[in-house]
S.K.: 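Before I ask anything, here is the structure I am working with.
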There are 2 protein chains.
Amino acid sequence: MEATKRHRRKMQSVTMMDVAERAQVSPSTVSLYLRKPDAVSATASRAIAEAIDALKYVPNLMAGGLAAASSRAVSVIVPSVRNAFFAETVATMQAELGRERLQVMLGHSEYSEREEENLVKMALSWKPAAIVLTGLSHTATTRRLLKESSVPVVELWELGREPIDMAVGFYHEQVGSTAATHLVQRGRKQLLYIGARLQEDRRAALRADGFLRTARETDGVTAEIIEHPAPASAAIGAMLLAEAIKKYPDADAIACSNDHIALGVIFECQRIGISIPERLSVIGFGDLSFSGACNPALTTIRPPGDLIGTEAARLILERIRSFEHPAPQVIDTRFTLLQRQSS
Amino acid sequence: MEATKRHRRKMQSVTMMDVAERAQVSPSTVSLYLRKPDAVSATASRAIAEAIDALKYVPNLMAGGLAAASSRAVSVIVPSVRNAFFAETVATMQAELGRERLQVMLGHSEYSEREEENLVKMALSWKPAAIVLTGLSHTATTRRLLKESSVPVVELWELGREPIDMAVGFYHEQVGSTAATHLVQRGRKQLLYIGARLQEDRRAALRADGFLRTARETDGVTAEIIEHPAPASAAIGAMLLAEAIKKYPDADAIACSNDHIALGVIFECQRIGISIPERLSVIGFGDLSFSGACNPALTTIRPPGDLIGTEAARLILERIRSFEHPAPQVIDTRFTLLQRQSS
DNA sequence: TTCGTAAATCGCAGCGCTATGATTAGCCCA
DNA sequence: TGGGCTAATCATAGCGCTGCGATTTACGAA
């Protein structure tokens with residue numbers, strides 16, 4: 001019937017133009033209505049809303065992002081969402097940002113700065129509204145890319161050195177220090193720190209540092225560290241406790257790099273008949289779902305994973321809304337010592 | 001100096017055109033090189049690669065997505081990534097899809113079909129390469145939107161009714177049935193199922209159904225259920241165990257809706273002096289990080305969260321690569337009974 | 001009634017890339 | 001040496017939307 005047209009293209013069934021036509025306004029007005037509803041008259045708003053509804057219009061964010069040179073996506077890069085800490089933060093951020101119709105794009109660095117750099121490059125391709133990283137350690141290239149990009153950047157879960165742009169978290173040395181102080185106050189003298197994967201998990205290593213420093217600064221108190229390269233788990237915790245007791249039979253307190261380890265310690269103590277807290281005090285980090293229900297209930301330090309998420313989301317939203325006040329750059333969320341039965 | 005131009009636009013520093021110019025080829029060739037490297041000659045490839053490197057070109061995926069009417073994003077919607085099961089799957093999918101430069105966009109339905117529907121609408125705005133949902137229950141609108149969209153859809157973690165498009169998971173009734181059979185084989189007669197949030201967590205409810213049905217079909221075996229509306233946790237598990245023992249003092253086996261609950265059961269039994277497995281067998285679901293390290297080690301059923309992720313990613317990639325063979329629609333990943341000390 | 005001003009609305013010109021079909025280069029064999 | 005083919009490359013025409021400035025409308029004051 002027809003000669004083949006030179007060019008044909010796929011298309012979206014309903015576009016903004018269709019909505020405009022039905023609502024008897026220009027596409028510009030529809031666009032305005034979608035982006036800044038307050039700038040459109042009540043009459044027009046009603047007509048446009050009706051048209052959108054009737055046509056089941058779905059905006060094309062790719063087109064919008066291209067035209068605006070920035071998307072409604074926020075790239076969030078964490079070591080792994082398998083880790084309950086980061087899961088909490090990611091979940092909270094998604095909820096907060098989703099409310100403003102911002103999409104969370106997720107990436108896992110698996111504790112590798114190299115991999116993180118790749119993810120940042122990918123993320124930049126999306127012209128994200130913001131990029132969220134975990135920690136303050138990144139490759140030089142990562143830092144350069146982000147500084148050059150002028151995309152808002154938030155670094156989570158760690159304070160200390162200068163952030164690229166904004167940071168939300170707490171000082172991990174302080175966590176270790178707080179744990180040591182607590183154990184000393186409970187009358188303990190021979191402290192042990194047991195940790196997993198301190199090479200990869202820089203923040204766990206910082207906690208260990210703070211713990212050892214504070215303990216050793218105290219008169220009459222000794223502190224040693226026992227570590228293992230495997231990822232933190234209860235099984236590793238149990239193993240390390242056995243090893244620790246063999247090596248330091250007179251130890252009277254154990255701080256664990258996180259609550260998984262501490263759980264293993266508790267179980268192993270049950271097995272070999274060490275009573276907690278009489279003979280051994282135990283303190284963890286994380287306040288995981290089981291920590292309060294252990295036997296004995298685990299004394300631990302709770303990092304505010306959800307607060308970190310909400311604060312990060314807040315910073316991002318403020319930054320997006322106005323270029324003016326570049327918000328406080330660094331937010332210290334603190335952490336909480338929860339004293340329970342194990343110490 | 002200059003009259004203001006009518007229009008000015010923001011722009012990306014380095015575009016594909018810049019690369020083309022430096023490499024002495026047309027933009028089309030650069031585009032082709034990026035999408036199908038094999039279709040470009042070695043000479044051109046080298047020149048283009050050099051130019052990309054020298055100019056530090058970063059492709060604009062928004063522009064690409066708009067032109068191609070489909071993006072490199074995969075929307076993944078789970079009840080919550082706080083749940084270790086879904087975290088595992090999400091992490092695995094991100095790794096697998098990231099390898100092919102597909103971006104995971106994350107959404108949390110918080111166990112609400114209504115919220116899931118909103119997330120699906122948002123997702124569709126991005127013209128995703130695929131949409132991944134959890135479970136087979138969705139609102140009618142969700143199903144309609146997805147069917148009309150012609151976007152590949154994968155439903156995870158549950159088999160049973162007809163999927164929208166593809167599905168990867170297992171039968172939760174079978175999980176319950178397997179648990180019941182196992183306990184009966186261990187000589188148990190008075191079985192109890194304790195579960196949390198069975199109203200919201202449809203899959204947990206299915207497991208309970210399968211458990212009760214199989215148990216009650218067995219001669220000489222009784223089975224009761226005890227539930228609680230709060231989210232699963234060790235604390236709830238401990239509470240429910242206490243309640244269960246009061247109500248059914250002669251019960252000799254407990255199946256838990258997941259390992260968090262089971263952990264609470266173990267701790268509570270320790271406290272009130274019930275020996276596991278002598279007096280009471282315990283079986284969980286999930287094989288969480290602590291399950292093998294408990295005291296006693298927990299018998300549980302392991303769902304293959306990682307396998308679900310890899311299989312889903314594989315289906316998506318196959319579907320993207322070719323429209324031809326619409327792959328097997330449903331993949332049953334099965335699950336594994338891990339018998340340990342608690343039963 | 002007319003004008004000035006603010007509030008609404010509109011028209012234009014792309015954003016940076018890809019799909020398509022057309023064109024050119026490369027190469028084997030007769 | 002030329003024909004016939006395949007492999008490479010290219011030019012074109014948008015994809016659907018937004019930012020900007022221009023234009024129109026609304027409305028009270030003079």
Side-chain angles (χ1 to χ4, degrees), chain A residues 3-21 23-48 52 55 57-72 101 124-127 129 323, chain B residues 3-21 23-48 52 55 57-72 101 124-127 129 323:
Chain A
T4 315
K5 294 293 296 184
R6 269 280 297 267
H7 279 83
R8 63 267 179 49
R9 320 228 84 256
K10 293 91 179 287
M11 50 183 166
Q12 174 157 337
S13 40
V14 181
T15 73
M16 191 176 273
M17 255 191 64
D18 300 319
V19 174
E21 232 161 65
Q24 306 265 38
V25 297
S26 78
S28 299
T29 306
V30 177
S31 173
L32 197 62
Y33 168 79
L34 256 16
R35 287 174 296 114
K36 305 179 177 169
D38 296 341
V40 175
S41 71
T43 331
S45 292
R46 221 171 302 118
I48 295 170
I52 287 176
L55 299 174
Y57 169 65
V58 178
N60 183 332
L61 289 178
M62 306 296 288
L66 175 59
S70 145
S71 73
R72 305 282 302 165
R101 310 198 64 76
L124 253 10
S125 298
W126 287 95
K127 308 282 161 198
F323 279 104
Chain B
T4 315
K5 295 289 298 185
R6 268 282 295 270
H7 279 84
R8 62 268 179 52
R9 318 229 88 253
K10 295 89 179 288
M11 52 184 161
Q12 176 159 336
S13 39
V14 182
T15 72
M16 190 177 275
M17 255 190 65
D18 300 318
V19 173
E21 234 162 65
Q24 305 265 40
V25 296
S26 77
S28 298
T29 308
V30 177
S31 173
L32 197 60
Y33 168 80
L34 256 17
R35 286 174 297 116
K36 304 178 179 172
D38 296 340
V40 175
S41 71
T43 331
S45 291
R46 221 171 303 118
I48 294 170
I52 287 176
L55 300 173
Y57 169 65
V58 177
N60 183 331
L61 289 177
M62 307 296 288
L66 175 59
S70 144
S71 73
R72 306 278 306 163
R101 310 198 63 77
L124 253 10
S125 298
W126 287 94
K127 309 282 162 198
F323 278 105

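Any value given below was found using the heavy atoms of this structure, including those in side chains, with hydrogens, waters and symmetry copies removed. To find a chain, count down the sequence lines: A is the first, B the second, and so on, and within it residues start at 1.
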S.K.: Need one value for A:Pro59: base, sugar-phosphate or nothing, where a base atom within 4.0 Å counts as base even if backbone is also close, heavy atoms only.
M.R.: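 Answer is sugar-phosphate: A:Pro59 comes under 4.0 Å of backbone atoms only.
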S.K.: Tell me which donor-acceptor pairs under 3.5 Å the side chains of residues 27-34 of chain A have, and how far apart each pair is, sequence neighbours excluded?
M.R.:
unit_1	atom_1	unit_2	atom_2	d
A:Thr29	OG1	A:Ser26	OG	3.3
A:Ser31	OG	A:Arg35	NE	3.0
A:Ser31	OG	A:Arg35	NH2	2.9

S.K.: Between protein and nucleic acid, restricted to nucleotides 24-26 of chain C and to nitrogen or oxygen atoms under 3.5 Å apart, what atom pairs and distances do you find?
M.R.:
none

S.K.: Please determine whether a side-chain nitrogen or oxygen atom of A:Ser26 lies at a distance below 4.0 Å from atom OP1 or OP2 of C:dC10.
M.R.: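 For C:dC10, OP1/OP2 do have a side-chain N/O of A:Ser26 under 4.0 Å.
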S.K.: By the 4.0 Å heavy-atom rule, please label A:Tyr57 as base, sugar-phosphate, or nothing.
M.R.: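 Touches sugar-phosphate only.
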S.K.: Show me the donor-acceptor pairs, under 3.5 Å and distance only, between side chains in residues 38-46 of chain A and residues at least two apart or in other chains.
M.R.:
unit_1	atom_1	unit_2	atom_2	d
A:Ser41	OG	A:Ala44	N	3.3
A:Ser45	OG	A:Ser41	O	2.9

S.K.: Hey, could you give me the OG/CZ distance between B:Ser125 and A:Arg101, rounded to the nearest 0.5 Å?
M.R.: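 Going from OG on B:Ser125 over to CZ on A:Arg101, the span is 6.5 Å.
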S.K.: For B:Met17 and D:dC10, what is the distance between atoms CE and P respectively, to the nearest whole Å?
M.R.: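 In whole Å, D:dC10 P and B:Met17 CE are 13 Å from each other.
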S.K.: Of the nucleotides C:dG16, D:dT9, D:dT18, which one has an atom closest to the side chain of B:Ala44?
M.R.: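 Given the options C:dG16, D:dT9, D:dT18, the side chain of B:Ala44 is closest to D:dT9.
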S.K.: Let me spell it out: for each of B:Ala63 and A:Ser45, pick the nucleotide of DNA chain C with the closest heavy atom. Which residue's pick is nearer the 5' end?
M.R.: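 In this pair, the answer is A:Ser45.
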S.K.: Any side-chain to backbone donor/acceptor pair from A:Ser71 onto A:Gly65? Under 3.5 Å, distance only.
M.R.: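 No, because the side chain of A:Ser71 does not come within donor-acceptor range (under 3.5 Å) of the backbone of A:Gly65.
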S.K.: Nearest 0.5 Å, please: how far is CD1 in A:Ile48 from CE in A:Met16?
M.R.: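 Separation between the atoms: 9.5 Å.
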S.K.: Of all the nucleotides listed (D:dG19, D:dG16, D:dT9), which has the minimum atom distance to the side chain of B:Val40?
M.R.: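 The answer is D:dT9, which lies nearest to the side chain.
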S.K.: Distance check needed: D:dC17 P versus B:Trp126 CH2, whole Å only.
M.R.: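 It works out to 14 Å between those atoms.
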S.K.: Does A:Thr15 have a side-chain nitrogen or oxygen under 4.0 Å from the phosphate oxygens OP1 or OP2 of D:dG16?
M.R.: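 For A:Thr15, the contact criterion (side-chain N or O under 4.0 Å from OP1 or OP2 of D:dG16) is not met.
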S.K.: Take the protein atom CD1 of A:Ile48 and the nucleotide atom P of C:dT9, then report the distance between them rounded to whole Å.
M.R.: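 After rounding, the reported distance stands at 8 Å.
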S.K.: In this structure, how many angstroms lie between the C1' atom of C:dC17 and the CG atom of A:Leu66, rounded?
M.R.: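 That distance rounds to 8 Å.
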S.K.: Taking for each residue the nucleotide of DNA chain D bearing the nearest heavy atom, is the 5' side occupied by B:Ala39 or by B:Pro27?
M.R.: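 With B:Ala39 and B:Pro27 compared, the 5'-side residue is B:Ala39.
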S.K.: Can you tell me how far C1' of D:dT9 sits from CD of B:Gln24, to the nearest Å?
M.R.: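 Distance, rounded to whole Å: 14 Å.
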S.K.: Rounded to the nearest Å, what distance is computed from the CE atom of residue B:Met62 to the P atom of nucleotide D:dT18?
M.R.: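 It works out to 11 Å between those atoms.
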S.K.: Whole-Å distance between C:dC17 P and B:Leu34 CG?
M.R.: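 Value for this atom pair: 9 Å.
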S.K.: Taking only side-chain nitrogens and oxygens of B:Arg35, does any of them come within less than 4.0 Å of OP1 or OP2 of C:dA19?
M.R.: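 Looking at the OP1 and OP2 atoms of C:dA19, one of them is under 4.0 Å from a side-chain N or O of B:Arg35.
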S.K.: Any base atoms under 4.0 Å from B:Leu61, or only sugar-phosphate, or nothing? Heavy atoms, all strands.
M.R.: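 Nothing, no nucleic acid heavy atom in range.
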S.K.: Would you kindly check whether a donor in the side chain of A:Ser28 faces an acceptor in the base of C:dG11, or vice versa, at under 3.5 angstrom?
M.R.: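 Check passes, donor-acceptor contact within cut-off.
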S.K.: In whole Å, what is the span from the CE atom of A:Met16 to the P atom of C:dT9?
M.R.: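 Going from CE in A:Met16 over to P in C:dT9 covers 15 Å.
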